[in-house]
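Worksheet: one structure, shown below.
Lettering follows sequence order; numbering is per chain, from 1.
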Protein chains: 2
Amino acid sequence: MRISAKTDYALRALAQLAAHADRPVSSEELAQSQEIPHKFLEAIMAELRRTGLVVSQRGTGGGHRLSRPADRIVVADVIRALNGPLTVIRGECPQDVDYGPPSESLQVVWVSVRAALRSILESVTLADVVAGTLPEHIRELAASPDAWVTHWYANPMHTSGT
Amino acid sequence: MRISAKTDYALRALAQLAAHADRPVSSEELAQSQEIPHKFLEAIMAELRRTGLVVSQRGTGGGHRLSRPADRIVVADVIRALNGPLTVIRGECPQDVDYGPPSESLQVVWVSVRAALRSILESVTLADVVAGTLPEHIRELAASPDAWVTHWYANPMHTSGT
DNA sequence: TACTTCCATACTAGTTTGGTAGGTTTCAAG
DNA sequence: CTTGAAACCTACCAAACTAGTATGGAAGTA
C-alpha cells in the first residue's frame, strides 16, 4: 500500500476541517497549519470538492468544509476519491483477474488483501482520527511492538529505505 | 494496494517454478505457459536473481529455479524484492511519519494497515499457492460473498473501472 | 562449432507524482 | 462600487514509474 503525498495531505487537511467544523477553513490556513504547499493543496481541495467530500465558499471569510459530518467520512472514502479502488491487480479488481494453473489461489490472496484493507480503512472515520478514538480491532493490530518495526528484506535497490 | 504487471508476472512465474522444482525452467517456457511477454519476463527473472529469490543456469537445458524450498518463500518476499516495503507513506515507513495535531492517529492507522498486510502476505508461501492450501485466516477473509464485490465510490475520474 | 539460454544495456511511449505560475471569478465588507 | 480575500482554472515542469521492445553479447551444452 503506497500512500502518496497527495493522499496524505488530503487526509490531514480533512482532519483539520473536521476539527473546525463550525466554520469554513481556507486553503491558506490549512496549508500553513499542516505545512503543505499552498497551491498544491488548492488543487487537492478542488479534487475533493469535485468528488463531493467537501463544499467550498469563495470570497472573504470563505474556505472549505466537510460535505457531511466527520463521523460519516471514512479514510477509504478519501483514498478512493484520489486514487481509485483500494486494491488493483494489473489494472483490474481482484475478482476480475483470471489466473491459470498453478496460480489460481493468488486471486483468493488478493481478495483477502482487499477485505483486510477494507476492514481497517472503512472503519476509521475522520471523527475517529481527530478524537484519537480508533476502533478496537485497529488498536489491537497496532498494539504489538512488532507492528512498529520494519521487516528486513533483501533487494539492494530498496535497502536504503529499509 | 496496487499490484503491477511486473509483480503479478513474477508471482505466476515463481509459482510455475515451485510446481516444477525438479528441474530448471527456461524464461521461454515460463513466458509461454503463463502468457507473459518473453523479454519482459527475462528482465523480471534477472531482478529476482539479483535479489536472491531464484538461481539461474545458462546454456542448453538451463533455466531458473527457486533458491530455496517453495514453502520458505512468501508472497511478501516477492513484492518486497520488486517494489520495496509493503507499506509506504509519502516515501516513509509508517513508524517514521511525523503527524501534528489533529492527525496523530493516522500513524496508528498506517501501522495497522501494514500489520494487516503482513498477516496475509507473509503467511502465504509459494507452496501454498501451487497446492491451493491457503492458511485458514486467509480463507476466512475471502469467505464472505461481500469480499468478492466491488464497493461503489464516487470519483468520476475512476468510475469507469468501478 | 553450433545452439541454447541467460545476461546487460539501451530505448520508447505513456502515466503518475509532486509540485509551480499566472490569471480569472466570486463573494463580502467598507 | 471598489477593494481585497479567497476559490478556481489552465498550463507547465522535472523526475520517476510502467510496460514493454530491441540488440547484442557471454556462458554453458552437445
Side-chain angles (χ1 to χ4, degrees), chain A residues 1-13 17 23-32 34-51 53-65 67 79 82-85 88-92 155 157-158 160-161, chain B residues 2-10 12-13 17 23-32 34-51 53-65 67 79 82-85 88-92 155 157-158 160-161:
Chain A
M1 162 132 281
R2 214 145 291 247
I3 301 297
S4 62
K6 180 159 83 168
T7 305
D8 188 57
Y9 292 161
L11 282 165
R12 282 154 57 188
L17 291 189
R23 59 174 177 98
V25 184
S26 71
S27 294
E28 185 59 40
E29 184 183 340
L30 290 172
Q32 289 202 359
Q34 301 291 323
E35 294 182 275
I36 301 170
H38 172 227
K39 293 300 276 183
F40 192 29
L41 181 59
E42 252 191 9
I44 295 168
M45 296 313 290
E47 212 165 328
L48 293 175
R49 184 184 45 77
R50 277 190 290 271
T51 62
L53 282 180
V54 306
V55 292
S56 310
Q57 175 78 356
R58 297 209 248 202
T60 310
H64 309 275
R65 59 177 73 204
S67 66
I79 296 176
L82 299 176
N83 304 137
V88 176
I89 285 80
R90 285 182 62 202
E92 288 184 309
N155 190 342
M157 289 288 297
H158 303 285
S160 65
Chain B
R2 214 145 291 246
I3 301 296
S4 62
K6 181 158 82 167
T7 305
D8 188 57
Y9 291 161
R12 281 154 56 189
L17 291 188
R23 59 176 176 96
V25 184
S26 71
S27 294
E28 184 60 40
E29 184 182 340
L30 290 173
Q32 289 201 0
Q34 300 291 322
E35 296 182 274
I36 301 169
H38 172 226
K39 292 302 277 181
F40 192 29
L41 181 60
E42 255 192 4
I44 294 167
M45 297 313 291
E47 212 166 328
L48 293 174
R49 183 184 46 75
R50 277 192 289 271
T51 62
L53 282 180
V54 307
V55 291
S56 309
Q57 175 77 3
R58 296 207 250 202
T60 311
H64 308 274
R65 60 177 73 206
S67 67
I79 296 177
L82 299 176
N83 302 137
V88 176
I89 285 79
R90 285 182 62 202
E92 289 184 309
N155 190 341
M157 289 290 295
H158 303 286
S160 64

Review point. Which residues pass the salt bridge (charged side-chain N to carboxylate O under 4.0 Å, His left out) test with B/Glu29, sequence neighbours left out?
Key: B/Arg23
Practice item. Please list, in 5' to 3' order, the outermost nucleotides of DNA chain C lying under 4.0 Å from any heavy atom of chain A. Key: C/dG18 to C/dA28
Review point. Can you give one letter per nucleotide of nucleotides 11-21 of chain D, going 5' to 3': B for a protein heavy atom under 4.0 Å from the base, S for sugar-phosphate only, - for none?
Key: --------SBB
**Study point:** Atom pair distance, as rounded to whole Å: CZ in A/Arg65 and C1' in D/dA7
**Key:** 14 Å
**Study point:** Test salt bridge (charged side-chain N to carboxylate O under 4.0 Å, His left out) applied to A/Arg12 - qualifying residues, sequence neighbours left out
**Key:** A/Asp8
Review point. Got a sec, which residues hit side chain to side chain donor-acceptor pair (under 3.5 Å) with B/Thr7, two or more places apart in sequence or on another chain?
Key: B/Ser4, B/Asn83
Practice item. Would you please name every residue forming a side-chain contact (heavy atoms from CB on, under 4.5 Å) with B/Ala13, sequence neighbours left out? Key: B/Leu30, B/Leu41, B/Met45
**Study point:** Pair B/Glu47 + B/Arg50: basic N to acidic O under 4.0 Å
**Key:** no
Review point. Taking all atoms of both residues into account, what is the closest heavy-atom pair of A/Ser27 and A/Glu42, and its distance?
Key: OG-CG, 3.7 Å
Protein N or O to nucleotides 2-6 of chain D N or O, pairs below 3.5 Å:
{"from": "D/dG4", "atom 1": "N2", "to": "A/Thr60", "atom 2": "OG1", "distance (Å)": "2.8"}
{"from": "D/dA5", "atom 1": "O4'", "to": "A/Thr60", "atom 2": "OG1", "distance (Å)": "3.4"}

Study note, to complete from the structure: In this structure, OG of A/Ser26 is separated from CD of A/Gln57 (nearest 0.5 Å) by 12.5 Å
Review point. Looking at B/His64 and B/Ser56, what are the two nearest heavy atoms and their distance?
Key: ND1-OG, 2.8 Å
Exercise for review: Applying side chain to side chain donor-acceptor pair (under 3.5 Å), name anything that partners A/Gln32, two or more places apart in sequence or on another chain.
Suggested key: A/Glu28
**Study point:** Which residues share a side-chain contact (heavy atoms from CB on, under 4.5 Å) with A/Glu92, sequence neighbours left out
**Key:** A/Asp96, A/Val97
